[in-house]
Amino acid sequence: ALTWLEAAITSYPGGISAIPVEFQPSLPPLRNSIGIELKLIPAGVFQMGSNDGDVDEKPVHEVRITRPFYLGVTEVTNAQWQAVMGGEPPSEWTDADRPVERVSWTEAVEFCTKLSALTEEQAAGRVYRLPTEAEWEYACRAGTTTEWASGDDERTLSDFAWFDGNSGRATHPVGQKRPNAWGLNDMHGNVWEWCSDWDEPYEVATAVDPTGPAAGARRVNRGGGWGNRARSCRSANRYAYVPAVRDSSLGFRLALSPTGR
């Protein structure tokens with residue numbers, strides 16, 4: 001259940017996106033039994049996509065997120081993967097604090113299932129999942145309408161992201177760059193992140209808590225990675241792979257509904 005403070009934030013008229021970023025309240029992260037921190041992302045309304053981007057980012061359309069949700073402060077790390085899945089992580093770079101990568105969509109979902117089954121997580125009523133594509137972009141933007149959460153100037157991205165301009169062609173430990181306005185790190189760059197949705201074109205109509213089509217060929221991933229140019233790390237940028245793909249620039253972060261659903 002939400003605390004009284006969480007409930008007050010999420011009931012603000014128009015959602016938190018109606019509050020200027022500098023006045024938006026910030027709650028401490030939830031920390032689970034294996035040390036993953038998640039921030040509460042309140043309900044709100046935003047403009048999803050970009051009319052200046054690639055064709056699959058069009059058209060810009062209104063999306064209403066009607067329920068608050070938690071999202072991982074960082075991508076899931078190699079150490080966190082091992083704590084749940086056991087054995088060596090599948091990653092090319094296996095340092096404990098780097099993001100786990102070379103994980104398929106199916107394996108990311110399996111991680112969510114096994115983490116949810118841990119005794120402490122069950123006792124807390126927490127059921128983990130991948131974020132929807134709309135939740136991901138909403139959280140990445142954190143109230144912004146610019147190309148990146150850092151603004152429209154590509155030169156500012158180095159303060160927030162690991163990409164081809166500064167990564168040295170490798171992942172980096174999570175949480176080293178500046179967070180966005182909602183306290184989330186590495187939403188841009190480091191590794192691409194799996195979302196729950198099947199890939200499909202946008203529609204013009206306002207969408208309410210969209211989850212994508214019931215079936216498809218490819219699953220969405222977002223955020224750009226260590227080997228990508230800044231443009232690929234934009235908040236609106238979309239990509240998709242078949243669910244079985246594993247790649248050294250592809251990982252994930254967790255989502256969690258406060259109700260446990």
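Shown here are the side chain to side chain donor-acceptor pair (under 3.5 Å) partners of Arg234, two or more places apart in sequence or in another chain: Glu57.
Counting only residues at least two apart or in different chains, salt bridge (charged side-chain N to carboxylate O under 4.0 Å, His left out) contacts with residues 158-186 are absent. Contacts classified as ring-ring contact (aromatic ring centres under 6.0 Å, His included) and involving residues 203-222 (residues at least two apart or in different chains) are not found.
When all heavy atoms are compared, the tightest approach of Ala134 to Pro210 is CB-CG, 3.6 Å. Closest of all the heavy-atom pairs between Phe163 and Ala230 is CD1-N, 3.8 Å. Residues Gly53 and Ser50 come closest through the heavy atom pair N-OG, 3.2 Å. Nearest heavy atoms, Thr171 versus Arg98: O-NH1, 2.9 Å. Minimum heavy-atom separation, Leu256 to Leu38: CB-CD2, 4.2 Å. Residues Lys58 and Asn51 come closest through the heavy atom pair CE-O, 3.2 Å.
Here Trp194 and Trp136 keep their ring centres 6.0 angstrom or further from each other. Aromatic pair Tyr202/His61: ring centres closer than 6.0 Å. Ring to ring, Trp182 and Tyr138 are close: their centroids are under 6.0 angstrom apart.
Side chains of Val191 and His172 form no contact here, defined as non-hydrogen atoms less than 4.5 Å apart. Contact check for Leu184 versus Thr74: no side-chain heavy atoms found under the 4.5 Å cut-off.
Under the side-chain hydrogen bond (donor to acceptor under 3.5 Å, both in side chains) rule, Trp192 has a single partner from Asn228, Asn221, Asn237, which is Asn228. Partner of Glu135 under the salt bridge (charged side-chain N to carboxylate O under 4.0 Å, His left out) criterion, out of Arg253, Arg129, Arg222: Arg129 alone. Between Phe111 and the options Leu254, Val103, Thr106, a side chain to side chain contact (heavy atoms under 4.5 Å, CB included) holds for only Leu254.
Checked by atom type and distance alone, the side chain of Asp153 pairs as donor or acceptor with a backbone atom of Arg155 at under 3.5 Å. Distance alone, capped at 3.5 Å, is enough to place a donor-acceptor pair between the Thr144 side chain and the Arg141 backbone.
For the residue pair Asp199/Tyr239, the side-chain donor-acceptor check at 3.5 Å is not satisfied.
In this structure, Arg126 forms no cation-pi arrangement with Tyr70, as its terminal cationic atom is not both closer than 6.0 Å to the ring centre and no more than 45° off the ring axis.
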